[in-house]
Amino acid sequence: MASLPSIVINGTLHRLEPDLRKLSPTSLPAEKGFSYQRSTAAPESFSEASQPLTIQEALSFIGEGSRVEPALYVPLLQQCIEYRSLSETECIHGHIIKTGLREEVFLSTSLVNVYMKCGAVDYARNLFEKIPQRNIFTWTALITGYVHNGQPENGMVVFVQLLESGVYPTYYTLGAVLSACSASYSIEFGEQVHGYIIKFGLESATSMGNSLCSLYSKCGSLELSVKAFGRIPDKNVISWTTVITACGDNGDADLGLRLFVDMISEDTVPNEFTLTSAMSLCCSAHAFDLGKQVHSLCVKYGCDSSLPVRNSIMYLYLKRGELDEARRLFDSMETVSLITWNAMIAGHAELMDMAKNDATAHKSGIEALKMFRRLHRSGLKPDLFSFSSVLRVCSGLVALEQGEQVHGQAIKSGFLADVVVSSALVNMYNKCGSIDKASKAFVEMNTRTLISWTSMISAYSQHGRAKEAIQLFEQMRLAGVRPNHVTFVGVLSACAHAGMVSEAQHYFNVMRNEYGIKPVMDHYACMVDMYVRLGCLESAFDFVKCMAFEPNEIIWSILIAGCRSHGNMELAFYASERLLELIPKATETYVLLLNMYVAAERWQDVSRVRKLMKDEKIGVVRDRSWVNIKDRVYFFRANDRSHFQSDRMYELLEDLLERAKRLGYVPYKNADVSDDEKEEKAASGSTLHHSERLAIAFGLLNMPKGAPVRVVKNITMCRDCHSSAKFFSILTGREIIVRDSKRLHNFKDGRCSCGDFASEEPPF
DNA sequence: CGCTCATAAT
């Protein structure tokens with residue numbers, strides 16, 4: 001028995017499937033409703049019919065016998081494509097056999113095409129095999145059909161068969177094969193096809209060049225894509241649009257924008273496709289001024305009423321933070337698409353992340369959730385984009401309950417099978433402080449990408465579970481996934497966390513030698529952090545000296561924190577003043593310095609720094625925390641007494657602090673940098689309570705007994721609150737999770753997942 | 001042959 005034809009695509013052998021002997025009509029797609037309207041393209045003989053025709057009536061017009069004109073079938077077959085009607089196609093097929101026209105190759109080819117368009121791949125293939133005088137059109141119809149039905153590999157195998165049988169491909173055949181290569185991301189096969197295109201003298205055809213440009217981009221090679229674009233002698237709008245989009249897809253928005261500018265200066269008129277892409281590039285490159293100009297071009301060329309263009313303009317407004325403008329545009333749109341909703345949700349999610357954890361962030365997040373609900377009500381079904389974005393929103397809000405609801409919806413809708421959605425889910429559980437749920441979601445994923453592995457490794461690291469992080473990293477390597485620089489940040493920070501010096505050094509070398517990844521500041525920061533945590537200040541400084549570049553803010557702040565916790569205050573002050581020079585506008589650096597001088601009771605320096613802050617017009621810090629309980633959110637300021645439960649909260653805090661002191665809690669002194677003068681005065685004399693402590697108290701009072709308390713804080717947690725929260729977790733027997741602007745703190749049984757090293761670093 | 005929206009970090 002002759003073996004089935006096969007080729008190697010992306011390193012795996014593909015045989016032409018299915019096996020023809022196993023054909024069955026059971027797995028066919030559902031038909032759309034079918035009724036004949038009089039076709040405008042119908043030949044004369046139909047023109048008298050005024051009522052819709054049944055297929056039998058339509059076929060009876062064609063008649064039977066030897067004088068049947070084959071072209072009469074054409075409009076009927078076109079109707080079959082339009083209605084995706086397999087049964088009608090079979091009737092016509094039968095009629096063709098009866099009238100003895102099965103020898104007519106163009107009709108057989110047409111039938112192959114129609115079967116494919118109806119999704120009946122097996123039927124098409126079976127027919128193809130029975131056509132003895134098949135020509136290049138028949139071959140091309142088969143290839144195109146495979147690509148259309150999501151079986152590009154089969155299309156490529158057929159192409160090889162075609163070449164072996166000595167038939168010359170046409171322009172259309174090669175175009176179809178290029179689509180197949182694109183759809184299966186097969187760059188090697190694509191390059192071979194590229195060779196055939198040159199061989200058959202078609203490389204100067206604009207559309208061939210466009211297809212090649214698109215192919216290389218889809219396969220991830222921007223370089224080859226741009227080269228293919230460069231070789232097109234007569235570039236049209238589509239050529240330009242393809243290469244500009246290719247830049248965006250491959251992460252080089254700046255190049256894409258340069259090409260767009262080139263295109264405009266060459267007087268090529270952009271259309272809605274080009275402008276939509278260009279607008280999107282402006283969003284990702286944060287080139288907002290250019291974005292405004294592109295917007296003008298949209299108006300100039302009359303493209304501003306196109307829905308995709310409007311979506312991208314709206315997204316640009318959102319990215320610029322012009323919420324009212326975005327909203328106005330959104331409200332003015334008479335029709336919206338799913339992408340409109342998704343852009344709205346994603347835009348707000350991005351604003352939320354940019355604003356870190358403050359009240360603005362919260363507002364954006366809530367707005368995004370509202371949009372997600374409205375999307376539901378609008379009757380459209382959320383897709384993987386909607387789910388990814390809304391999960392990101394739940395992460396940002398630490399909205400575990402909403403996140404779990406979305407989890408359920410994602411399962412029901414089937415979109416959880418998507419890697420991006422399931423990665424976002426893992427991330428959501430992690431950011432909400434539920435490492436176990438994150439891990440469960442990770443294990444349940446059916447496919448994992450570099451990003452999924454990396455985010456789970458980092459999650460373990462953030463929760464202080466170094467061993468799991470390292471184990472997972474090794475599993476990832478065994479799974480054949482190549483780590484990148486971000487993965488190593490996760491691994492190294494896990495080692496640093498657990499003080500695993502030799503492991504850290506090992507992985508640092510693995511990164512450089514085995515994977516050829518050059519360490520950047522982030523990786524050095526992990527190493528320095530590790531030495532500092534162990535109290536090896538000298539090793540830390542030595543390591544810094546070995547770096548090929550000047551220490552940045554991150555390195556300085558690690559050193560400062562290390563010096564403080566190991567009592568080397570002179571060095572800490574020195575480093576802090578250097579840090580201040582490096583970035584004089586960072587509010588939290590001043591606060592750090594201020595608190596250090598307060599703790600050292602160096603009052604002259606305290607007033608010097610306060611004066612500096614005044615001179616530099618550094619605003620006071622807005623200390624804000626909030627808690628989600630059920631569907632409501634409760635905000636707290638430092639020393640907040642405006643709350644309806646204030647009395648009970650302060651009572652609880654006093655009691656807890658008193659009992660904590662008996663267990664060994666020693667309060668740290670903080671400089672008061674509250675922005676609420678009245679509150680400050682009211683609180684003078686009594687203990688100063690930062691917002692997170694009030695939020696924790698509120699959470700303890702209002703969450704169900706034993707349930708974890710989840711707090712979000714807009715700046716980094718101070719030492720005193722951090723220390724007291726550890727005692728609270730012992731005294732109440734509850735888990736307390738505080739996500740500040742920098743990291744996650746999971747307090748449990750008197751310990752914090754951050755490894756007690758997080759207090760009062762500047763927020764970098 | 002070309003379009004807009006989605007996931008990881010000290």
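Just so you know, these numbers use all the heavy atoms, side chains as well, and skip hydrogens, waters and symmetry mates. In what follows, every chain begins at residue 1, and chains take the letters A, B, ... in the order their sequences are listed. This is a predicted model, so every value here is computed, not measured.
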Could you check which of B/dT4, B/dC1, B/dA8 has an atom nearest any side-chain atom of A/Ile451? B/dA8

What does A/Ala525 touch in the nucleic acid at a heavy-atom separation under 4.0 angstrom: a base, only the sugar-phosphate, or nothing? base

Check A/Ala496 against A/Arg533 and note the closest heavy-atom contact, atom names and distance. O-CD, 3.4 Å

Rounded to whole Å, please give me the gap between CE in A/Met476 and C1' in B/dA8. 10 Å

Of the nucleotides B/dA6, B/dT7, B/dT4, which one has an atom closest to the side chain of A/Pro308? B/dT4

May I ask you to check whether A/Tyr524 and A/Phe508 place their ring centers less than 6.0 Å from one another? yes

Of the listed nucleotides B/dG2, B/dA9, B/dT7, the one nearest the side chain of A/Phe273: B/dG2

With respect to the side chain of A/Ser179, which nucleotide from B/dC1, B/dT7, B/dC3 is positioned closest? B/dC1

Assign A/Asn427 to base, sugar-phosphate, or nothing according to its heavy-atom contacts below 4.0 angstrom with the strands shown. sugar-phosphate

Counting side-chain heavy atoms from C-beta on, which of B/dC1, B/dA9, B/dT10 comes nearest to A/Lys431? B/dA9

Tell me: NE2 of A/His523 to P of B/dT10, nearest whole Å? 12 Å

Does A/Lys742 reach the main-chain N or O of A/Thr716 with its side chain, forming a donor-acceptor pair under 3.5 Å? no

Given the structure, check if the side chain of A/Ser423 and the base of B/dT7 hold any donor-acceptor pair shorter than 3.5 Å. yes

So, A/Arg231 and A/Glu203, do they make that salt bridge, N to O below 4.0 Å? no

From OH of A/Tyr216 across to C1' of B/dG2 the rounded distance in Å is 18 Å

Can you check whether A/Phe385 stacks with the B/dA6 base, using ring centres under 5.5 Å and planes within 30°? no

Which part of the nucleic acid, if any, lies within contact of A/Asn271, taking any heavy atom under 4.0 Å across all strands shown: a base, the sugar-phosphate backbone alone, or nothing? base

Could you tell me how far apart A/Arg231 (CZ) and B/dC1 (C1') are, to the nearest whole angstrom? 16 Å

Applying side chain to side chain contact (heavy atoms under 4.5 Å, CB included), name anything that partners A/Ser434, two or more places apart in sequence or on another chain. A/Leu400, A/Tyr429, A/Lys437, A/Arg710

Selected nucleotide, minimal atom distance to A/Val486 side chain, candidates B/dT4, B/dA9, B/dC1: B/dA9

Using the benzene-type ring in the case of Trp, are the ring centres of A/Phe260 and A/Trp240 under 6.0 Å apart? no

Picking from B/dC5, B/dG2, B/dA6, the nucleotide nearest the side-chain atoms of A/Thr241 would be B/dG2

Report the distance from atom CG of A/Leu351 to atom P of B/dC5, rounded to the nearest whole Å. 15 Å

Measure from CD1 on A/Ile457 to P on B/dT10 and round the result to the nearest Å. 13 Å

Nearest of B/dG2, B/dA6, B/dT4 to any side-chain atom of A/Asp249? B/dT4

Identify whether any heavy atom of A/Asn484 sits under 4.0 Å from a base atom; if not, whether one sits that close to sugar-phosphate; answer base, sugar-phosphate or nothing. base

Closest of B/dC5, B/dC3, B/dG2 to the A/Ser277 side chain is B/dC3

Under 4.0 Å, counting only non-hydrogen atoms across every strand here, what does A/Arg392 touch: a base, just sugar-phosphate, or nothing? sugar-phosphate

Taking any heavy-atom pair under 4.0 Å as a contact, classify A/Lys235: base, sugar-phosphate, or nothing. nothing

Of the nucleotides B/dA9, B/dT4, B/dC1, which has the atom closest to the A/His485 side chain? B/dA9

Atom OH of A/Tyr301 and atom P of B/dC3 are separated, to the nearest Å, by 20 Å

With a 4.0 Å cut-off on heavy atoms, is A/Ser455 in touch with a base, just the backbone sugar-phosphate, or nothing at all? sugar-phosphate

Let me know the distance between CZ of A/Phe442 and P of B/dT7, rounded to the nearest Å. 18 Å

